There are 2 protein chains.
Amino acid sequence: MMANIQQVAQEAGVSVATVSRVLHGQGSVATKTRIKVEDTIKKLNYQPSMLGRNLRNSESRLLLILIPKISNPFYFDIIKGIENIAISQGYNILLCETDSSPERENIYFDLVRTKMADGIISMDPAVNMEALMELAENHPIVQCSEYAVESDIPYVTIDSEEAAYRAVKHLIKIGNENIAFINSDKRYLYARQRNEGYQRALKEHGLAVKEEYIYHTEHLGFEYGQQAVKSILNLEDRPTAVFAVSDLLAIGALKEIHACGFHVPDDIAVVGFDNIDFSNMTNPALTTIAQPMYKMGTLAVDMLIKKIQGNDVESIILDHELIMRESTSG
Amino acid sequence: MMANIQQVAQEAGVSVATVSRVLHGQGSVATKTRIKVEDTIKKLNYQPSMLGRNLRNSESRLLLILIPKISNPFYFDIIKGIENIAISQGYNILLCETDSSPERENIYFDLVRTKMADGIISMDPAVNMEALMELAENHPIVQCSEYAVESDIPYVTIDSEEAAYRAVKHLIKIGNENIAFINSDKRYLYARQRNEGYQRALKEHGLAVKEEYIYHTEHLGFEYGQQAVKSILNLEDRPTAVFAVSDLLAIGALKEIHACGFHVPDDIAVVGFDNIDFSNMTNPALTTIAQPMYKMGTLAVDMLIKKIQGNDVESIILDHELIMRESTSG
DNA sequence: CTGAAAGCGCTAACAG
DNA sequence: CTGTTAGCGCTTTCAG
């Protein structure tokens, strides 16, 4: 079973070089020989071993995709975009869940150090940037969605500040003045940028920025949204609107607001961020910011493959969109 | 940059064999030599190339995980289980979304045919069983969750019939006699099994099985649950309970029931299946069947690695659990 | 148009 | 305890 190129050559009465040539359709081969070889390949049910090919070409045709949690819906469409392009270019992807743990991360970094992967698309906001930058000196790396300005690693992302600004502006427009903000940890760039967008919108409309309205969560999960709302609803000046930096947080908020006996959007309007599938399945459906996920994925992998091939690439900033649904349609 | 074993050997003044020996800590090496080699490795920042090692060992240390949709929450914990064990055993996983398309599937099958992957864990109910069985003749394959009885491919799963039976029995116990059933396509084994469980529960309690109460959906998505409920609510003898074969369907049902002005659980009780994270985030929270996902994953990968190592393995059937929440607490 | 041969980086059997 | 050597399966010069 499982013939190798040698056996095919022998059986076809040619040299391995010729077999290799017909395999790749390059270098001229007489039609007669080609047909003979092709027949033998079928007859022996031969499939070239990627192990041999990879060693010879010193490439693995594997791309590392780093995400913090595989279950975070935010990444689904990005991954889909990456995957489709990758496959069409003869690459496969290794989806790596880091749990934002440096040890896990390092296992994956080792994969490229040991040539098991040709490059990395990093989407983990909590990635160890120092390690990533060091790795980037010798290996192709691209950042997607989250990025570090100070590094030379190219990225594709959206304008988080502007997106947050638009979300909050929408809340103001429909009559809210007391707008709470559920943000994530300030050490993340996007958190800082969205915070600036939030503040810009308020200031532009002559509204005060109240520290007690800004809540920082440790993680982006559902339960953290619930927690945040619990504390927000206890404020004296109860907000009439909540803007959360992720849909998961917003969905948690939704649930907790209901649990406390309030109604969305009549009592409290809610806006999320990301437009994950579930944001349209909640009760009421969630107003949110949509990022062009799929496109982000395709662009990121395009960039990475270009880098692997030795070309230079430029960072890209994509557009976003405000999707209005029931949670603000008061 | 990126030294190879040769350069390390030269720099350390030993042979490549010795370097290989200290790399694997096997075969005796004089302490003095070992230290010298280890120092050189650090000095040159050497990391052995997996390409060379893999070719030599004719293995890739990559495991293929086939799932229909990466976004299906059902698989999250299974994958986590697989991943943790795999990594601890020095394997990495290639998460493959088949979209239940034979072409996509075949691309992935090629990965094992071309030695880029050492084995497969198939979790796609719609997998092309013929192709899979043929592949299984020459490559290690394990089925997880969904399986085909008639094949020799070992599997790990739960007793779907019994699980469905318990879910429906619970609905009967809390006073329901008219229980609708949102099932998926009958060509899937689990769908047939759950149908049997549903019918057994009804019959055991002297309730008639009404064909019009059984709805078959094309896919397991949220919107199919909505659709199903739309048609179910139009029945003359409106059911007072709904059992869906997946949480996603049940969550769609929840939303549509509300949209039609009914209340869960007072007017209609709902039970799902899978206990995905979101089943606890809905309003009301969903009663559902929990499968030991994580464990299923770890066992499946254990089995696969055993098979790769040439050992025989036996199929496993795991226990499940009924999780009672608000959607049936009327 | 085709073949011989070198070599990608590593492991392991064998000899010493 | 250590070195020599033969491949693993493939691609690609270089000659012919």
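Remember, it's a predicted structure, so these values are computed and weren't measured experimentally. A, B, ... follow the sequence lines: proteins, then strands. Residue 1 opens every chain.
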Taking the nucleotide of DNA chain D with the nearest heavy atom to each, does Gly52(A) or Thr33(B) sit closer to the 5' end? Thr33(B)
Output side-chain donor-acceptor pairs under 3.5 Å for residues 46-58 of chain B, partner residues at least two apart or in another chain, one line each.
unit_1   : atom_1 : unit_2   : atom_2 : d
Ser49(B) : OG     : Leu51(B) : N      : 3.1
Ser49(B) : OG     : Gly52(B) : N      : 3.3
Arg53(B) : NH2    : His24(B) : NE2    : 3.3
Asn54(B) : ND2    : Met50(B) : O      : 3.1

Phosphate oxygens OP1/OP2 of dT11(C): is one of them under 4.0 Å from a side-chain N or O of Arg53(B)? yes
Rounded interatomic separation in angstrom, taking CZ from Arg56(A) and P from dG7(C): 10 Å
Asn54(A) CG to dT11(D) P, straight-line distance once rounded to whole Å: 10 Å
Does a side-chain N or O of Thr18(A) approach OP1 or OP2 of dT2(C) to a distance below 4.0 Å, or not? no
Nearest-angstrom distance from the residue atom CG of Leu55(A) to C1' of dT12(D): 14 Å
Going by atom types only, do Glu105(A) and Asn128(A) share a side-chain donor-acceptor pair under 3.5 Å? no
Starting from P on dA4(C), measure out to CD on Gln10(A) and report it in whole angstrom. 12 Å
The helix from dC1(C)-dG16(D) to dG16(C)-dC1(D): angle between its terminal axes, five pairs each, to 10°? 40°
Mind calculating the distance between CD1 (Ile5(B)) and C1' (dA12(C)) to the nearest angstrom? 12 Å
Both Val16(A) and Val29(A) contact DNA chain C. Taking the nearest nucleotide for each, which residue is further toward the 5' end? Val29(A)
Which whole-number value in Å describes the distance from Lys115(B) NZ to dG9(D) P? 7 Å
Any non-hydrogen side-chain atom of Asp99(B) less than 4.5 Å from a side-chain atom of Lys80(A)? yes
Tightest non-hydrogen contact, residues Leu63(A) and Ala86(A), listed as CD2-CB, 4.2 Å
Between Ser184(B) and Tyr190(B), do the side chains contain an N or O donor and an N or O acceptor separated by less than 3.5 Å? yes
Arg104(A) with Glu97(A): basic N within carboxylate O range, under 4.0 Å: no
Among Ser101(B), Pro68(B), Ser145(B), which one satisfies side-chain contact (heavy atoms from CB on, under 4.5 Å) with Asp124(B)? Pro68(B)
Tell me whether the side-chain N/O atoms of Ser15(A) come closer than 4.0 Å to OP1 or OP2 in dT2(C). no
Would you please say whether a donor-acceptor pair under 3.5 Å links the side chains of Tyr294(B) and Asn84(B)? yes
Whole-Å gap separating C1' (dG7(C)) and CD (Gln6(B)): 11 Å
Can you tell me the distance, in whole Å, between the CG atom of Asn4(A) and the P atom of dG7(D)? 13 Å
Polar-atom pairs under 3.5 Å, protein N or O versus N or O of nucleotides 13-16 of chain D: list them with distances, or write none.
none

Should we count CD of Glu130(A) as having more than 12 external heavy atoms under 6.0 Å? no
Looking at dG9(C), I'd like to know if its phosphate oxygens (OP1 or OP2) sit under 4.0 Å from a side-chain N or O belonging to Ser49(B). no
